[in-house]
Amino acid sequence: MRRSLLIALVVVGLVALAPLMATAAPADTHPEWGTTSARNATVKQGCRSYPYSYALTPPDGDWALETFLVGPHGKQYGTGYFDTGADPLAGEGAWRLCRRSTRGGQYTIQARLTVQNGGDYYDGWLPETTFSLHKPRRPRRAVATDAQ
């Protein structure tokens with residue numbers, strides 16, 4: 001009985017909050033807060049790390065940067081996290097990718113920066129970075145010919 005009452009209260013609460021969540025403004029893009037970058041690369045045999053970098057100029061306060069690697073067809077391949085005290089304002093991260101499960105194509109780094117300074121809270125996206133990952137071309141097999 002208690003469990004069903006608790007579930008009913010949670011559902012009623014979510015239904016009541018749904019209009020507020022639906023009207024929440026999306027985070028803006030802030031190119032002045034920083035950038036990300038990555039070089040085009042060829043996916044190597046096995047599993048390897050592929051580096052990327054970030055450089056931030058956040059508003060004053062404690063900051064946190066979340067990075068997301070999105071591949072062809074919107075598939076998410078990895079995430080990263082950096083924050084005040086543990087990481088510098090400019091640094092590197094790496095995506096660990098395996099050749100067998102990684103498609104060649106266009107990849108995008110999406111990065112979200114949040115900053116808290118006392119009671120002030122800032123939240124926004126850095127401009128997206130795109131780069132290419134290519135799989136190596138397979139050599140063509142020689143075709144045997146009869147030269148008679």
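- Nearest heavy atoms, Glu32 versus Thr57: O-OG1, 2.5 Å.
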Can you check side chain to side chain contact (heavy atoms under 4.5 Å, CB included) on Tyr50 and Val43, steps first, answer last? CA-CA 9 Å; Tyr50 296 86; Val43 181; 3.7 Å; yes

Less than 3.5 Å apart, which donor and acceptor atoms pair up between the side chains of residues 78-95 and the rest of the protein, not counting sequence neighbours?
{"from": "Thr84", "atom 1": "OG1", "to": "Trp63", "atom 2": "N", "distance (Å)": "2.6"}
{"from": "Thr84", "atom 1": "OG1", "to": "Trp63", "atom 2": "O", "distance (Å)": "3.1"}
{"from": "Thr84", "atom 1": "OG1", "to": "Trp63", "atom 2": "NE1", "distance (Å)": "3.3"}
{"from": "Asp87", "atom 1": "OD2", "to": "Asp83", "atom 2": "N", "distance (Å)": "2.9"}

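- Scored by the side-chain hydrogen bond (donor to acceptor under 3.5 Å, both in side chains) test, Gln45 finds Arg99 as partners (sequence neighbours excluded).
- The disulfide (SG to SG under 2.5 Å) pairs that include a residue from residues 42-121 are Cys47-Cys98, where partners are two or more places apart or lie in different chains.
- Nearest heavy atoms, His30 versus Gly124: CD2-CA, 3.8 Å.
- Residues Ala38 and Pro51 share a closest heavy-atom pair of CB-O, 4.1 Å.
- Partners of Asp123 by side-chain hydrogen bond (donor to acceptor under 3.5 Å, both in side chains), not counting sequence neighbours, listed by chain and number: Arg112.
- Legend: salt bridge (Lys or Arg N to Asp or Glu O under 4.0 Å) pairs involving residues 34-43, not counting sequence neighbours: none detected.
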Side-chain atoms of residues 114-121: list all donor-acceptor pairs with protein atoms under 3.5 Å, sequence neighbours left out, distances to 0.1 Å.
{"from": "Gln116", "atom 1": "NE2", "to": "Gly118", "atom 2": "O", "distance (Å)": "3.4"}
{"from": "Asn117", "atom 1": "ND2", "to": "Asp60", "atom 2": "O", "distance (Å)": "3.3"}

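- For Thr42, the side-chain contact (heavy atoms from CB on, under 4.5 Å) test picks out Pro136, with sequence neighbours left out.
- In this structure, Trp125 and Phe68 have tilted ring planes: the angle between them lies in the 30° to 60° band.
- Legend: disulfide (SG to SG under 2.5 Å) pairs involving residues 99-136, not counting sequence neighbours: none detected.
- Sorted by first then second residue, the salt bridge (Lys or Arg N to Asp or Glu O under 4.0 Å) pairs that include residues 41-54, not counting sequence neighbours, number zero.
- Inter-residue side-chain proximity for Tyr54 and Ser37 is flagged as unmet; no heavy-atom pair is nearer than 4.5 Å.
- Applying the side-chain hydrogen bond (donor to acceptor under 3.5 Å, both in side chains) rule to Thr108 yields no partners; only residues at least two apart in sequence or on another chain are considered.
- In this view, Thr129 and Thr36 satisfy the side-chain hydrogen bond (donor to acceptor under 3.5 Å, both in side chains) rule, not counting sequence neighbours.
- A donor-acceptor pair under 3.5 Å is formed between the side chain of Lys135 and the backbone N or O of Thr102.
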